[in-house]
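I have placed the structure first, in the form of structure tokens, so that the comments after it can refer back to it.
Computed from heavy atoms alone, side chains included, the values below leave out hydrogens, waters and symmetry copies. It should be emphasised that the depicted structure is a prediction, and the values quoted were computed from it without experimental measurement.
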Amino acid sequence: MTKITCTCGNVTIALDGPPILTAECHCTSCRDAAGRLAPQPPVQEENGGTRFVMQRKDRLRVLKGADHLASFRLTPKSGTQRIVATCCAAPMWLEFRGGHWLSIYAARWPDGSAPAPALRTMTRDAPRGTVLSDDIHNAGTQSAGFMARLFWSWVRMGFRNPQVVDVKGVYHA
């Protein structure tokens, strides 16, 4: 089990089992959210991407501080919500509407101990002039391998989509 906390330690989550995938996202929404949320420490990598550790919903538990969690959406109609610990404004995870997984911000891991990314995704959205190393695959969109890993994790979950925690608060940035 891996325990992850917000910056101040009032929120703790537990992750059981290996992640589905660790990816660095370069989509416009992730960059916009990182800029609006402006957390400390930052969630963006030096190259502008946001690293996420993708975990099945049935393998995440909130151990402490659920009352500090709030939903942040870029627009009222956004299909994604970022769950923020309001006690210290720390983004904890991103959730896609209808998704069976959560994308936990790698910046939440202590001392840079989060798993290394296996690929970069949505690189077509990276700002002009962004230089990405070729140490891992740089996919313009979600690659077939990316989607296959998500699909097979859903199969292993029995095609379920459990709710992790009922987040009632709304976070404004």
Polar side-chain atom of [X] near backbone of [Y] as donor-acceptor pair, under 3.5 Å:
| X | Y | value |
| --- | --- | --- |
| Arg108 | Thr5 | yes |
| Asn161 | Gly98 | yes |
| Arg51 | Glu45 | no |

Pair Arg149-Met54, side chain to side chain contact (heavy atoms under 4.5 Å, CB included): steps then yes or no: CA-CA 10 Å; Arg149 287 178 115 171; Met54 301 163 72; over 6 Å; no
Would you say that [X] contacts [Y] through its side chain, given a criterion of any heavy-atom pair below 4.5 Å between the two side chains?
| X | Y | value |
| --- | --- | --- |
| Met157 | Pro162 | yes |
| Met1 | Arg61 | yes |
| Ile13 | Lys64 | no |
| Leu119 | Leu21 | yes |

Non-hydrogen atoms of Ala34 and Val43 that approach each other most closely: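 Result for this residue pair: CB-CG2, 3.8 Å.
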Aromatic rings Phe52 and Tyr105: how do their planes relate, parallel, tilted or perpendicular, breaks at 30° and 60°?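 Phe52 and Tyr105: tilted rings.
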Taking the inter-plane angle between the rings of Phe96 and Trp101 on a 0 to 90° scale, is it parallel (under 30°), tilted (30 to 60°) or perpendicular (over 60°)?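 It falls in the tilted class, 30° to 60°.
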Does anything in residues 14-33 pair up under side chain to side chain donor-acceptor pair (under 3.5 Å), and if so which pairs, sequence neighbours excluded?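 Counting only pairs at least two positions apart or across chains, the side chain to side chain donor-acceptor pair (under 3.5 Å) contacts touching residues 14-33 are Glu24-His26, Glu24-Asn47, Glu24-Arg120.
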Test log, rule side chain to side chain contact (heavy atoms under 4.5 Å, CB included), inputs Thr2 and Val53: CA-CA 12 Å; Thr2 302; Val53 179; over 6 Å; no
State which residues pass side-chain hydrogen bond (donor to acceptor under 3.5 Å, both in side chains) with Thr141; sequence neighbours excluded, sorted by chain then number.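 Thr141 satisfies side-chain hydrogen bond (donor to acceptor under 3.5 Å, both in side chains) with no residue once adjacent residues are dropped.
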Option from Thr7, Leu69, Asp67, Val11 for which side-chain contact (heavy atoms from CB on, under 4.5 Å) with Cys87 holds: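 Of all the options given, the one that passes is Val11.
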Sorted by first residue and then second, give each salt bridge (Lys or Arg N to Asp or Glu O under 4.0 Å) pair with at least one member in residues 76-92; sequence neighbours left out.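 For residues 76-92, and leaving out neighbouring residues, there are no salt bridge (Lys or Arg N to Asp or Glu O under 4.0 Å) pairs at all.
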